[in-house]
Amino acid sequence: MGTDRQNRYDGDGRRYSVNESPDRRRPSTLYRRGSNMSDMSLMSGVEMAQDEVGIELRAFPAAQRNAAPGQHQLTTKIQVFAGPISESVPTSVSSFVHRRQRANSTASFAYYDDDRDSEDAVIEEAIADEYGDIDEYDAEQLDDLERGLASPRRNSSSYSGHRRHSSAHSKRRSSETPLLRRSSSASAGSADLWRGKRVSQKIYILTEDLTIVVAGFRTSALGFALYTIFCTLSAGLLWLLFRWLPRWRIWLTGCPAPLGECTWVVVENQWGEFAVQNVKQQTYGRPLSTVFGDEEKVHHTHYDEDEDPVIGELRCLDYRYIRFYYHPLKDKFVLANTWKDPSWTDVEKLREGLDSDERDYRGLVFGRNSIEIEEKSIGQLLVDEAFHPFYIFQIASLLLWSLDQYYYYAACIFIISVVSITTTLIETRATMKRLREISKFECDVRVLRNGFWRTVDSADLVPGDVYEVTDPSLTQLPCDSLLLSGDCIVNESMLTGESIPVSKTPMTDNALELLDLSASTVHPEVAKHLLFCGTKIIRARRPHDDNNDEAAALAMVVRIGFNTTKGALVRSMLFPKPSGFKFYRDSFRYISVMGGIALLGFVASFINFVHLGLAWHLIVVRALDLITIVVPPALPATLTIGTNFALSRLKQKQIFCISPQRVNVGGKLDVVCFDKTGTLTEEGLDVLGVRVVQRPDHRFSDILVDSEDVLPSAGYERDPTVDYGVHKAILYTMATCHSLRMIDGELLGDPLDVKMFQFTGWSYEEGEHRSSGGGEDADTKLSPSVARPPPGREYDVDIGDDEGNRRVELGVLKSFEFVSHLRRASVIVRQFGSPSGSVYVKGAPEVMKEICRPETLPHDFEDLLGHYTHRGFRVIACARKTIPKLNWVKIQKMNRTEAEGDLEFVGFIVFENKLKPSTTPVIEELERAGIRKVMCTGDNILTAISVARECGLIDRTAHCFVPHFVEGDSRTALARLSWQSVDNPLFQLDENTLKPLPPPAEDDASLPYAISNLRDYSLAISGDVFRWIIDFASEKVLREMLVSGQVFARMSPDEKHELVEKLQGIDYCVGFCGDGANDCGALKAADVGISLSEAEASVAAPFTSRVFDISCVPQVIKEGRAALVTSFSCFKYMSLYSAIQFCSVSFLYASASNLGDFQFLFIDLALILPIAIFMGWSGAYPQLARKRPTASLVSRKVLTPLLGQIAICVLIQAIGFEYVQKQPWYEPPVLDPDKSNSHNSQNTTLFLLSCYQYILSAIVLSVGRPFRQPMSQNLPFVVTMVVTLLATTYMLFDAAQWLFDLMELTPMSNSFKMFLLALGVGNFVIAYLSERFLFPALARWIGIAKVRVNPKWKKKRKTYKEIQAPVSI
């Protein structure tokens, strides 16, 4: 076990030695890799959140290791800090710490050779992807590193295939052979690679969850000449083909070139999306570190270069507004947003600003400070839209119809296409304009340049610029900046979705050392001083230090433009992650199959027309016309009808969506995870009362529900047997230990702090921050914040008469703000006129217990805590410590550990957290629908269980098992867990199977939560146990925990995110609903994320609800199901329409006939268009059903009814076609070799019969319950049905002469007219009954028969369903 604790493993079983003690930690600017890194596998990407391990690779002289002089060895050191866990203090610390998995990172890339994965390459990628590049080490040093990588990694830490890299990671099928092969000399890790031979590279961008391959090319003169010739000779057709198939164009015109010499690159991401980008080149002539940061100021032993060589030419690549620069020594493109000036070593140096020359150079490297989205011209948009394959197919169809003399029909379709393109262009332009308005922000700022202040445009800011934050005209922050002096309160709701003010304090030297712009997360100590771009300034104040004459609060720019946090969020809106929903892919596969059928029809018609002796031009036109019939041009548009209607209905319910493709996904949700505070429960917590430790009885007092009860103002009201010093301490803690700020006469801050302070009835006067002098803490104040009691209680009655009356004024001299992983906050306070001071601390009870002296804890501490948490109350523990003879120097030197140690416990503050009115009904609705509910919160586990039971999320009468460590802890690989019932510890689960053990003999089975209720047991898991199970437990325990876990408490944002990913890994379709900034990662990772936010379109999630309760969740599911069913219905209808028309035309082609121009026009415009539109008008059914709609077009449930309906329609048309030829009045078609004859009895019969089929098929395929409202409630659809039926019947029985002639109809007997009507009605009856009864049964029989023929064809069950069976008793 010791060996396991001292090593970290990569994804291929290699092991990195990390034996160095954390105590030997010391700051370093060499090879700094101080990002929030997991101590799990380097390749698997499993995130740590409770205690994160940052590995620093450090170069130590080899002489210290008995090696040759001049050489260096790699050693490691560990930095341990924790991820945010707070649920009550949403700040930028917790909102931007989410890290996403390397999605599909094992995808095959056409321009990258994975066979190069030698051991060196694996090492390089493992470290480079997660920690940054280490190419500056030579091969011998890498060999030294590799020698510590021997032991295989255990196989149970992760089960998801895409999270674990094995040898399969580097294998490819022969069919996937890349177009570009890399020679062995260019393999990663080889020395030649560093000599400029690399032609491609793979980059994983952690913050974007994006894996890309960059391949270098030069334009081949011969290839480009051939390309030009081909495009010209084909009249642009090959240009279109190359536009749709960029790989072909690259293959023809591109010549692979080293990255250091290429003129353009191909960028391919893991979803197969291609982009061709030009490489920009510009003369530079400055040191390497000015572009790539301080890590370059290291001696590279394998280069004959200076320590910081000069770059003669900058080579730049922009992809999705992410900038990369070519690194001439590493021979690869490197992210440009990680730059940190080597001179940023102490805070004082940061204030110097830049001179004009330096500013110009940095402007050259980093560009303008503007999040400016490229706006395409109308011409570009028109080209993109009009040259889409859909519209090219439309244009080809129009030409074909015109050649066939269908002028009216072609003109109408042309007008519709023009209107469609115009509407799309207008909507696209409007959307981009709104996004540009949201993202682009420019203003005038006062900047320190050349030692003088001047006003410049914010777009001219560059990293290192010092500007004034207190400028009255500055209302929004123009870039990511470090606050250097003064103090600032900002609203980060644009980024986090929450409007709680966040306080920012001046930067310190210690925090500056932790600044790592290459990290995927913001260190909590840095976030307190970091002003994020796009956040609104609520208040900015200049420093009020007596010895400082600065008249303004200052900040220094660290990131600009798209490199800022706001820029990253704008990118996420511009380039959303593909949803991976199969419906659209399957629909185009189906279109391809129909296209194949059309080709068969083309061949058959061609042969038939040749046999009939038609003219060649007519043969070609008619045969091609079949293709336009089988593949209807309007089909893709109809697929979005249901989604658009659903979006409109959701918007009316104050639910907004920025990712329309997620609407259909909402209909497939299997599990929904809920945050607790502010989501299931009310945002604000009311103070129920205070339980104070009474001395000397050493027991808790009764609940004190008023501040006057806590500390009576009059001496005669006090109990002489009680030591009120403890009462005073807890009241003073409530009055001073908080993060509230006074803004426009109103106290703003965390809702818990607001309620706590209001309970005291005191007043609060905020102090002034002194400017940071580079000391350890920036929270010290020259004029401290002061808390005063209300009128009538101004004096301390405990002060003796000899000292006179002393007014109670508590000055907060220093504060240690709430830190997520510590889960506590503290203040150093001195009372007016007192020589001594006090430390007041509040925090989570389990944490406070560890830092209080054991003798001060009442014996019933755990019992009382359990009493309240079991009932859903939130409990905060308070403690104090007295510091005699407190002076200013002592305060400055006191660190947090010293202040928050050796404390005296004083009592509990009990908060009441009420459920929102809609919570229980929604949870019950989801329960009836069979949708799993999970609570995922940062609160206490017992409180979470109580709330879960109260709202019905878990069964009130069933056992809920909670795990505890009986051996080791969350960092111990061989730790053991005991799973005990929270209500009766005698009931336990087997630690290996998570199945209930036999109940003990002494248990009374008649009691609640007895063995009869073990069948529906649930699990509640805390964050540390979750972390251990993810890292060390067996795969079986992990999976069963994921299936049975209903409550996940004390979860950090990373762990919430990882829970979502793990649930997705066992085939759950996961929804997440939350309101907090610490839910951002989970909201983005979920299949459907719903943010409760005031913003109309929050960037934190695909869906945003402005109704702040979970009633939005069933609404999204209902509308998702309705949209999914609508999309399927419309697709089936459009497919059936194509089949009906194909059948009609095929019958008529047998005698060289066809439908007429106005017949086509009537069918497409009067029937199909309104029916297809209003078919999707039906709203969602008001109740959620347990049944889920299918999401696969290629399933038996969809294809069997569709093919069956097609067969019925073909049969009915065949009957009409044959029967009309036997009538005495039958008028046969006249064969004309040069022209089609549509004036015949066959035409009239099939046209009228098919009209009934088009109309009545819509009724058959219009699905109502249980996913949509009944058809009868869809008034536009009903009206359309009635009108079209009347119009068709009118044409059948008594059409006016003008209409008779226009539609090219022929006379028929009344008896035959009745026969056609009966045939249409019979078609409807047979189709309706078959759709409801016959075809579903037939689909089941086909499934059964298929499995009997070959058991391997049995449909694979979802993984979680396979796990559920053995878990259930």
Side-chain angles (χ1 to χ4, degrees), residues 50 156-157 159 671 846 862 865-866 869-870 932-937 939-949 953-1005 1007-1051 1055 1058-1059 1062-1063 1066 1360 1363-1369:
Q50 288 285 125
S156 60
S157 64
Y159 58 87
V671 58
E846 52 267 42
E862 293 289 352
L865 177 62
T869 54
H870 269 78
R932 184 180 164 201
K933 299 88 50 199
V934 170
M935 180 190 292
C936 191
T937 177
D939 208 345
N940 177 279
I941 192 167
L942 296 177
T943 302
I945 293 171
S946 174
V947 171
R949 279 181 169 161
L953 192 141
I954 58 178
D955 194 333
R956 293 177 176 83
T957 62
H959 280 281
C960 180
F961 291 92
V962 176
H964 304 279
F965 285 104
V966 292
E967 292 180 13
D969 56 26
S970 61
R971 301 177 189 85
T972 308
L974 299 181
R976 288 187 61 232
L977 292 174
S978 172
W979 298 77
Q980 297 180 341
S981 171
V982 73
D983 306 288
N984 187 344
L986 294 175
F987 287 91
Q988 297 186 7
L989 297 180
D990 185 291
E991 62 178 314
N992 298 315
T993 63
L994 298 194
K995 292 182 179 179
L997 295 171
E1002 63 271 20
D1003 181 63
D1004 184 354
L1007 294 175
Y1009 314 112
I1011 187 62
S1012 59
N1013 295 312
L1014 282 175
R1015 188 177 303 275
D1016 300 319
Y1017 73 93
S1018 58
L1019 306 179
I1021 295 96
S1022 58
D1024 57 343
V1025 173
F1026 176 80
R1027 181 79 269 148
W1028 182 87
I1029 291 177
I1030 293 293
D1031 292 346
F1032 302 114
S1034 68
E1035 184 176 325
K1036 181 177 179 62
V1037 169
L1038 171 61
R1039 290 187 170 201
E1040 295 182 353
M1041 179 268 288
L1042 292 172
V1043 166
S1044 299
Q1046 295 292 96
V1047 173
F1048 293 84
R1050 294 297 188 205
M1051 296 285 280
E1055 287 164 344
E1058 191 165 2
L1059 173 63
K1062 293 298 183 187
L1063 290 171
I1066 54 174
Y1360 73 86
I1363 301 168
Q1364 281 175 333
V1367 168
S1368 303
I1369 302 176

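Computed from heavy atoms alone, side chains included, the values below leave out hydrogens, waters and symmetry copies.
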Requested in this report: State, yes or no, whether a side-chain contact exists between Tyr1017 and Pro996 at a heavy-atom distance under 4.5 Å.
Outcome: yes
Query raised in the report: Under the criterion side chain to side chain contact (heavy atoms under 4.5 Å, CB included), which of Ile954, Val934, Leu953 is the partner of Ser1018?
Result: Ile954
Report summary line: Looking only at heavy atoms, the pair that brings Met935 and Val947 closest together is CE-CG1, 3.9 Å
**Report entry** 4.5 Å side-chain heavy-atom contact, Lys1062 and Ile1030
**Finding:** yes
Report summary line: Rounding to 0.5 Å, atoms CD (Glu1035) and CD1 (Ile1029) come to a distance of 13.5 Å
Query raised in the report: side-chain contact (heavy atoms from CB on, under 4.5 Å) between Ser946 and Thr869: does it pass, once the steps are laid out?
Result: CA-CA 7 Å; Ser946 174; Thr869 54; over 6 Å; no
Report task. Write down the atom of Asn992, the atom of Lys1036, and the distance for their closest heavy-atom approach. Result -> O-CD, 3.9 Å
Query raised in the report: Between OG1 of Thr957 and CZ of Arg949, what distance do you get to the nearest 0.5 Å?
Result: 8.5 Å
Query raised in the report: Rounded to the nearest 0.5 Å, how far apart are CG of Leu989 and CG of Leu994?
Result: 6.0 Å
Query raised in the report: Does some side-chain heavy atom of Gln988 sit less than 4.5 Å from a side-chain heavy atom of Ser978?
Result: yes
**Report entry** Thr972 side chain to Ala975 backbone, donor-acceptor under 3.5 Å
**Finding:** no
Requested in this report: Would you sort out whether Trp979 and Leu977 count as a side-chain contact (heavy atoms from CB on, under 4.5 Å), showing the intermediate values?
Outcome: CA-CA 6 Å; Trp979 298 77; Leu977 292 174; 3.9 Å; yes
Report summary line: Shortest non-hydrogen pair, Ile941 vs Ser1022, comes out as CD1-N, 3.8 Å
Report task. Would you name the heavy atoms of Trp1028 and Ser970 that are closest together and state the gap between them? Result -> CD1-O, 3.6 Å
Query raised in the report: Got a second to check how far Cys936's SG is from Leu1059's CG, nearest 0.5 Å?
Result: 5.0 Å
Query raised in the report: Could you walk me through whether Leu1063 and Arg932 pass the side-chain contact (heavy atoms from CB on, under 4.5 Å) check?
Result: CA-CA 12 Å; Leu1063 290 171; Arg932 184 180 164 201; 3.9 Å; yes
Query raised in the report: CG of Leu974 to CZ of Arg976: how many Å apart, nearest 0.5 Å?
Result: 11.0 Å
Requested in this report: Could you please spell out the steps behind the side-chain contact (heavy atoms from CB on, under 4.5 Å) verdict for Phe961 and Phe987?
Outcome: CA-CA 8 Å; Phe961 291 92; Phe987 287 91; 4.1 Å; yes
**Report entry** Gap between atom CD of Glu967 and atom CG of Asp969 - 0.5 Å precision
**Finding:** 12.0 Å
Requested in this report: For the pair Glu1055 (side chain) and Arg1027 (backbone), establish whether a donor and an acceptor sit closer than 3.5 Å, ignoring hydrogens and angles.
Outcome: no
Requested in this report: Measure across Tyr1360 and Val1043 and return the closest heavy-atom pair with its distance rounded to 0.1 Å.
Outcome: O-CG2, 4.1 Å
Query raised in the report: Salt bridge between Lys995 and Glu1040, side-chain N to carboxylate O under 4.0 Å?
Result: no
Requested in this report: Write down the atom of Ile945, the atom of Ala1020, and the distance for their closest heavy-atom approach.
Outcome: CD1-CB, 3.6 Å
Query - Salt bridge flag under 4.0 Å for residues Glu846 and Arg1050 - result: yes
